[in-house]
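First the structure, in the form of structure tokens, and then the observations on it.
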Amino acid sequence: ILLFVYRYEPHDLPLMQVVRHKVGSITFEIGCKSGTVLKFKQGNLDFESVLDSEVIWKDIGKGDRASADELQAAFKTTNVKDVAKVIIQKGTLQLTEAERKEILSKKRKEIVNYIHKYYVDPKTKTPHPVIRIDNALNDLKYRVDPDMPVEKQVTEIMRNMPGILPVKKMEITGIISIPHAWVGNAPAIIKEYASIKGENYTNTGCDYSFAMVPGNYEPLMNKLGTATKGEYDLKVDGGLPQAEAAPEAKAARGGRGGRGGKARK
């Protein structure tokens with residue numbers, strides 16, 4: 001009778017991803033098929049496709065398995081699949097290079113979009129284009145931290161950003177006038193992009209006092225333009241440069257007393 005005993009060798013490890021979870025003084029490890037852990041956690045893969053082997057390790061590189069007593073003490077069960085699910089849920093995943101790049105790229109986009117949404121050019125009082133912000137990060141040679149919250153990273157970036165790109169954090173306030181015909185659905189659209197600070201009903205409709213971040217300015221105008229066929233009037237405090245609403249708004253200009261869905265100073 002021939003008995004073959006297999007153990008993982010260092011050259012095997014790149015073929016899988018290791019997830020580690022420490023309980024007490026013991027670090028438990030499981031070997032998972034490359035690229036499967038994140039897909040499973042995102043709900044895009046069933047658990048049966050994740051594990052490289054149904055073994056709980058203490059040191060996968062040395063082939064050191066966790067004993068049944070150690071599993072029972074740490075997880076209150078010796079069922080390998082149940083333990084593996086806990087390790088995946090609570091443990092630390094060793095990312096593949098592709099996953100690391102994807103996470104960094106996603107975090108960078110979140111940072112750029114945050115700056116675009118909450119900061120403006122002090123001269124024009126309008127948001128910088130996304131591509132310009134992205135180029136500024138390149139000039140700063142900023143290294144994105146995949147684990148640090150976006151807000152905290154933006155705070156760090158803003159310490160040096162003014163030397164590369166002039167920016168100022170601000171809030172846009174003003175009044176949106178909506179005719180009676182559109183008062184039914186317009187408030188819901190305004191609330192989607194801004195905070196309504198007050199309402200004043202008039203003979204022609206309703207004036208809504210609002211406050212919003214700069215990045216929501218054009219999306220609000222576009223959606224209002226579509227919903228009201230351009231029949232609204234938006235007045236911004238502080239002299240935001242005039243901008244036009246959606247194509248529907250442009251087509252409607254001249255109607256209802258010349259409202260036409262345009263912004264005014």
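Starting from 1, each residue takes its place in the sequence as its number.
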All N/O donor-acceptor pairs, side-chain side in residues 183-197, below 3.5 Å, sequence neighbours left out:
residue: E192; atom: OE1; partner: K223; partner atom: NZ; Å: 2.9
residue: E192; atom: OE2; partner: K223; partner atom: NZ; Å: 3.1

> Closest approach of H180 and G205, non-hydrogen atoms and distance?
Replying inline: NE2-N, 3.3 Å
> Short question: side chain of E199, backbone of C206 - any donor-acceptor pair under 3.5 Å?
Replying inline: no
> For the hydrophobic clusters of this structure (ILVMFWY residues joined by side-chain heavy atoms under 4.5 Å, transitively), does one cluster hold both Y232 and Y201?
Replying inline: yes
>> Quick one, L51 and F40 - any side-chain contact, counting heavy atoms below 4.5 Å?
In response: no
>> I need the I176 CD1 to M221 CE distance, nearest 0.5 Å.
In response: 9.0 Å
> For residues 85-112, which residue pairs qualify under ring-ring contact (aromatic ring centres under 6.0 Å, His included), counting only residues two or more places apart or in two chains?
Replying inline: none
> Do T77 and L71 come within less than 4.5 Å of each other through their side chains, counting heavy atoms only?
Replying inline: no
>> Give me the atom names and distance for the closest heavy-atom approach of V112 to D134.
In response: CG2-OD1, 3.8 Å
>> With a 3.5 Å distance limit and no angle check, can you tell me whether H21 reaches the backbone of A84 through a side-chain donor-acceptor pair?
In response: no
> Should we count CD of E102 as having more than 12 external heavy atoms under 6.0 Å?
Replying inline: no
>> Suppose the criterion is ring-ring contact (aromatic ring centres under 6.0 Å, His included): which pairs have a residue in residues 68-97, not counting sequence neighbours?
In response: F28-F75
> Above 12 or not: heavy atoms from other molecules or residues under 6.0 Å from NZ of K107?
Replying inline: yes
> According to a 4.5 Å side-chain heavy-atom criterion applied to Ile, Leu, Val, Met, Phe, Trp and Tyr, with indirect links allowed, do M212 and Y208 form part of one hydrophobic cluster?
Replying inline: yes
> Can you name the nearest heavy-atom pair linking V23 to A74, along with the distance?
Replying inline: CG1-CB, 3.7 Å
> Which ILVMFWY residues can you reach from I175 by hopping between side chains whose heavy atoms are under 4.5 Å apart?
Replying inline: none
>> Membership question, hydrophobic clusters at under 4.5 Å side-chain separation (ILVMFWY): are V144 and I103 in the same one?
In response: no
> Should Y217 and L220 be regarded as members of a common hydrophobic cluster, given that ILVMFWY residues are connected when their side-chain heavy atoms come within less than 4.5 Å of each other, either directly or indirectly?
Replying inline: yes
> Distance from I133 atom CD1 to I115 atom CD1, nearest 0.5 Å?
Replying inline: 6.0 Å
> Under the ring-ring contact (aromatic ring centres under 6.0 Å, His included) rule, what pairs show up with a residue in residues 115-156, not counting sequence neighbours?
Replying inline: Y114-Y118
>> Ignoring hydrogens, what is the shortest heavy-atom contact between K33 and S49? Give both atom names and the distance.
In response: CD-O, 3.4 Å
> Among all residues two or more places apart in sequence or in another chain, which pass the salt bridge (charged side-chain N to carboxylate O under 4.0 Å, His left out) test with R20?
Replying inline: E29
>> Are I87 and F47 linked, directly or through intermediate hydrophobic residues, by side-chain heavy-atom contacts shorter than 4.5 Å (ILVMFWY only)?
In response: yes
>> The criterion is side chain to side chain donor-acceptor pair (under 3.5 Å); which residues satisfy it with S25, sequence neighbours excluded?
In response: none
> Which value, rounded to the nearest 0.5 Å, describes the distance between E231 atom CD and I178 atom CD1?
Replying inline: 10.0 Å
>> Quick check for you: to the nearest 0.5 Å, what is the distance between I56 atom CD1 and I26 atom CD1?
In response: 12.5 Å
>> Consider side-chain hydrogen bond (donor to acceptor under 3.5 Å, both in side chains). Of D233, D207, N200, T202, which one does S177 pass it with?
In response: D207
>> Restricting to non-hydrogen atoms, name the atom on V37 and the atom on C32 that form the minimum distance, rounded to 0.1 Å.
In response: CG2-CB, 3.6 Å
>> What's the separation between atom CG in L93 and atom NZ in K41, rounded to the nearest 0.5 Å?
In response: 7.0 Å
> What's the verdict on side-chain contact (heavy atoms from CB on, under 4.5 Å) for W182 and L224, showing C-alpha distance, side-chain angles and the deciding distance?
Replying inline: CA-CA 10 Å; W182 310 110; L224 272 180; over 6 Å; no
>> If the condition is side chain to side chain donor-acceptor pair (under 3.5 Å), which residues does E151 pass it with, not counting sequence neighbours?
In response: none
> side chain to side chain donor-acceptor pair (under 3.5 Å) with N138: which residues, sequence neighbours excluded?
Replying inline: R108
>> On a heavy-atom basis, which atom in N79 and which in D82 lie closest, and how many Å separate them?
In response: OD1-N, 3.0 Å
> Residues in salt bridge (charged side-chain N to carboxylate O under 4.0 Å, His left out) with E54, at least two apart?
Replying inline: K81
> Who pairs with E99 by salt bridge (charged side-chain N to carboxylate O under 4.0 Å, His left out), at least two apart in sequence or on another chain?
Replying inline: none
>> Just to verify, what does S67 make a side chain to side chain donor-acceptor pair (under 3.5 Å) with, not counting sequence neighbours?
In response: E70
> How long is the gap from CD1 on I30 to NZ on K85, to the nearest 0.5 Å?
Replying inline: 11.5 Å
> So I111 and V154, side-chain contact (heavy atoms from CB on, under 4.5 Å) or not? Walk me through it.
Replying inline: CA-CA 7 Å; I111 290 172; V154 170; 4.1 Å; yes
> Is there a side-chain contact between M170 and I172, using heavy atoms and a 4.5 Å cut-off?
Replying inline: yes
